[in-house]
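A single structure is presented below for examination.
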Amino acid sequence: MLKQNLQQKLLQKLSPQQIQFIKLLQVPTVSLDTRIKEELEENPALEDLSLTNLNEPEEQYPDRDPDEDNFNSDEEHGEMDEFNIDDYLQEDNVNEYGSRYDQNGDDEEERKEMPLAVQNSFFESLQAQLDMLPLSDKDFVIGKQIIGSLDDDGYLRRPITSLTDDLAFSQNVMAEDEEVEDMLKVIQGFDPAGVGARSLQECLLIQLRKKDPNDQIIKKAIMVVEDYLDEFTRKHYDKLERSLNMNSQELRAVVSEILKLNPKPGDSNEVNTKQMQVIPDFHIKNSDGVLILTLNSKNAPELRVSRSYQEMFQHYDKASQKDKKLKEAVQFVKQKLDSAKWFIDAIKQRQQTLLKTMNAIMQYQYEFFLSGDDKNLKPMILKDIADRIGMDISTVSRVANSKYVQTEHGTFLLKSFFSEAIQTESGEEVSNKEVKKILEEHIGKEDKRHPLADEKLTDILKDAGYNIARRTVAKYREQMNIPVARLRREV
C-alpha cells in the first residue's frame, strides 16, 4: 500500500559564487597568481590590466549588422531574457579595491620573475650515467626500466618479478629475474650513493661499502647496520657496546659515521618542488608602538571585465530580432560576462575577508606583535576571532591554515597564533605556547646522555607553576615533533 507524506526539510546550498569564494579564500598567495592565470585562459571576458594596453584602439564588433539578418520571428525576441549592460560596465579605475590595500608601493623587484636554475633532475642524472655504460640493447632497456621504477626517494619499492613482467608486456623484452638483479646491482653503483636500494638497510650498506673497507670504524658500522639496525634505531647503545665489544668512544665514532649517511638519496640531487616558497599575505609594521597592517600587493590583481565583450553584448542586445544562432551567441557572451564579474567579486571578497581576519588577530595579539615574545601570546581559539568579525569559524580556519604574516620578528603562519588556555596555580590563564616554549628550552639544555623523561618534565612545569598532567606534556612534546627521552639519548 502506497502512502504519500508531506515533509518539510531545511537545506542550505551554496551558490556557485560562494563556492568560488571559498576556494579562492584558501588559496595561498604563492598559488593565487597561477589560479588567476587559469581563469584568464578559460574566460576571454576577463582581462588583466597589467597585461593589457589600455591605449589600444577599440575593436568593432561585429563586421556586419545583425539587424540585416533574417530572423525567425518576433516571438523569439519576446522569449529572450532582459539583460542590463550596466551590471558589467566598470570605471577605468577598476582596481580601486586593490589600490586601497596596496600600501607597500608594489616594489619593482617583486614584479621580476625568479630565474630558474638549469640542472639535471634526479632521473635524468641516472639516465645519463646509464647512457655512458657499454651495455647490450637488452641490458640498456632493463636498466631504463629499473630507473623509471624508482620512487622520489631513490628506492626500488617494486619486486623484481614485477619488473620482469613489465619488461615482457610493455617492452616486449623477455628477461630472467637474475638479469634484472644484475642490472640493479649496476645501478646501485651509480651516484648518488644508495640509489636503487630496496630497503633502508640496503641503502645504508651500499653507502658504507663505498667507503674505505680497511677502516675499522667502517667495518663496525657495517656490522651494526647488517645485524643490529633495530637496536641502533632504538638507541640501545649499551647492547651494541656489549655485542660488538666496543667502548663508548668507538661507539660514538660508529654512530657518527652512520648518521652521515643519506637515508633518501633521491633527494640529494633533486630540487624539492613540494616545498612552496613562503610569500607573506600580510605585512605588519611597528611605527613607534603603533602597528600598521597592509595586504601584500600580489593579493590585489588588476582585473576587469573585457570592454570588447561588453560592447559585443551591447551590440547583440540592441538587435530588434534574434534568430536561434544569435540567441546562442548572446547567451554565451552573457555567461562569460557573468563569470568574469563573479570572479572579480570573489577576489574583492577574498581581500576584504583576509584583511578583516588579520586585523582582528593583530588586535587580539597586539602585545606579541610589538615584542615578538611567545610569552605575550594570549590564548586564542578560532571562535574568538569568528565572533569578533561576525563570520563562520570555518572561514577563519581557511584563512589561518594557509596564510602568512611578515613582521619585524619573522614570518608566521596565522595558525600559529591560535592556542589553548592553561591555568597557572595563581589562576591566571596563559597560552599553551608558553608551556611549549618552556618544554623546548629545558629539552634543549638537557644532558643528552641522560635526557629528561616526561615525568621529570612534568615536575619541572609544576615547579614553575603550571599544573599539567604527564599525558598533556607528552602531547605537547609530540606536537613539537620531539621524540621520547630514550630516542633523544646520545652517546
Side-chain angles (χ1 to χ4, degrees), residues 21-35 101 272 274-286 291-296 298-299 346-347 349-422 429-441 443 468 472-482:
F21 163 67
I22 289 171
K23 287 182 177 179
L24 279 174
L25 187 61
Q26 58 196 20
V27 171
T29 303
V30 70
S31 304
L32 182 63
D33 190 47
T34 303
R35 175 66 189 89
Y101 302 146
N272 190 355
K274 295 178 182 178
Q275 287 186 344
M276 273 190 176
Q277 179 188 2
V278 173
I279 297 178
D281 298 78
F282 313 94
H283 300 271
I284 292 181
K285 182 181 177 182
N286 183 353
L291 297 179
I292 301 172
L293 171 67
T294 54
L295 185 68
N296 190 327
K298 290 182 180 293
N299 284 293
I347 290 288
Q349 193 178 354
R350 176 185 186 272
Q351 293 162 17
Q352 292 162 0
T353 303
L354 290 182
L355 273 173
K356 202 172 184 180
T357 305
M358 185 63 236
N359 186 60
I361 293 172
M362 183 183 75
Q363 297 300 330
Y364 204 104
Q365 302 289 3
Y366 212 87
E367 290 302 317
F368 168 78
F369 287 114
L370 285 175
S371 66
D373 189 348
D374 283 348
K375 291 181 179 178
N376 287 330
L377 269 177
K378 295 180 182 178
M380 181 178 75
I381 58 176
L382 294 172
K383 189 175 184 299
D384 293 329
I385 300 301
D387 290 344
R388 282 197 172 201
I389 64 177
M391 291 186 178
D392 194 79
I393 290 176
S394 62
T395 301
V396 178
S397 177
R398 286 187 177 94
V399 174
N401 283 335
S402 59
K403 307 298 181 294
Y404 289 83
V405 59
Q406 182 178 310
T407 73
E408 60 183 16
H409 311 294
T411 301
F412 304 93
L413 181 65
L414 300 197
K415 185 180 178 181
S416 66
F417 301 127
F418 292 86
S419 60
E420 301 170 0
I422 289 188
E429 281 196 344
V430 298
S431 167
N432 63 3
K433 287 189 176 293
E434 183 175 328
V435 176
K436 289 179 180 180
K437 186 77 173 176
I438 295 171
L439 282 175
E440 192 175 30
E441 288 174 356
I443 291 173
I468 299 174
T472 306
V473 170
K475 182 180 79 171
Y476 290 166
R477 177 179 51 71
E478 289 168 1
Q479 287 175 351
M480 293 187 291
N481 294 319
I482 298 175

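For reference, positions follow the sequence shown, starting with 1. These figures come from a predicted structure and were not determined experimentally. All values below were derived from every heavy atom in this structure, side-chain atoms included, with hydrogens, water molecules and symmetry-related copies excluded.
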Nearest heavy-atom pair of Ser371 and His409: which atoms, and what distance?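 In terms of heavy atoms, the two residues are closest at O-CE1, 3.3 Å.
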
Over all atoms of both residues, closest heavy-atom pair of Lys403 and Arg398: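 Scanning both residues, the minimum pair turns out to be NZ-O, 3.9 Å.
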
Could you check whether any side-chain N or O of Lys285 sits under 3.5 Å from a backbone N or O of Thr294, counting only pairs where one atom can act as donor and the other as acceptor?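 Side chain of Lys285 to backbone of Thr294, a donor-acceptor pair under 3.5 Å: no, none is there.
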
Could you pull out the closest heavy-atom pair between Met380 and Phe417, with the gap in Å?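 Met380 and Phe417 have their closest heavy atoms at CE-O, 3.3 Å.
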
Least distance between heavy atoms, Asn401 atom then Leu413 atom: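 Result for this residue pair: O-CD1, 3.9 Å.
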
Can you confirm whether Leu25 sits close enough to Leu354 that some side-chain heavy atom of one is under 4.5 Å from a side-chain heavy atom of the other?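 Leu25 vs Leu354: side chains touch.
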
Search all heavy atoms of Asn286 against all heavy atoms of Glu408 and return the closest pair with its distance.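 Heavy-atom minimum between the residues: ND2-OE2, 3.6 Å.
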
For Ala346 versus Leu24, what's the shortest heavy-atom pair and its separation?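 Smallest interatomic distance, heavy atoms only, reads CB-CD1, 3.5 Å.
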
Restricting to side chain to side chain contact (heavy atoms under 4.5 Å, CB included), what partner residues turn up for Gln479, sequence neighbours left out?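 Result, side chain to side chain contact (heavy atoms under 4.5 Å, CB included) vs Gln479: Lys436, Lys475, Tyr476.
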
Phe412 vs Phe368 aromatic rings, parallel, tilted or perpendicular, using cut-offs 30° and 60°?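 It falls in the perpendicular class, over 60°.
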
Could you work out, with side chain to side chain contact (heavy atoms under 4.5 Å, CB included) as the rule, every residue matching Ile381, not counting sequence neighbours?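 Only Lys383, Asp384 meet the side chain to side chain contact (heavy atoms under 4.5 Å, CB included) criterion with Ile381.
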
Thr472 side chain near Val435 side chain, heavy-atom distance below 4.5 Å: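 No, too far: nothing below the 4.5 Å cut-off.
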
Thr353 side chain to Gln349 backbone, donor-acceptor under 3.5 Å: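 Yes: the side chain of Thr353 pairs with the backbone of Gln349.
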
Begin with the C-alpha distance, continue with both residues' side-chain angles, and end with the deciding distance and a verdict on side-chain contact (heavy atoms from CB on, under 4.5 Å) for Phe282 and Ile361. CA-CA 12 Å; Phe282 313 94; Ile361 293 172; over 6 Å; no

With a 3.5 Å distance limit and no angle check, can you tell me whether Gln365 reaches the backbone of Lys378 through a side-chain donor-acceptor pair?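 Side chain of Gln365 to backbone of Lys378: a pair is present.
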
Determine whether Asn296 and His283 make a side-chain contact, defined as any pair of heavy atoms from C-beta on separated by less than 4.5 Å.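 When only atoms from C-beta onward are counted, His283 and Asn296 do touch, with a gap below 4.5 Å.
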
Side chain proximity check, Met391 to Lys356, heavy atoms < 4.5 angstrom: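 The answer is yes; the side chains approach within 4.5 Å.
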
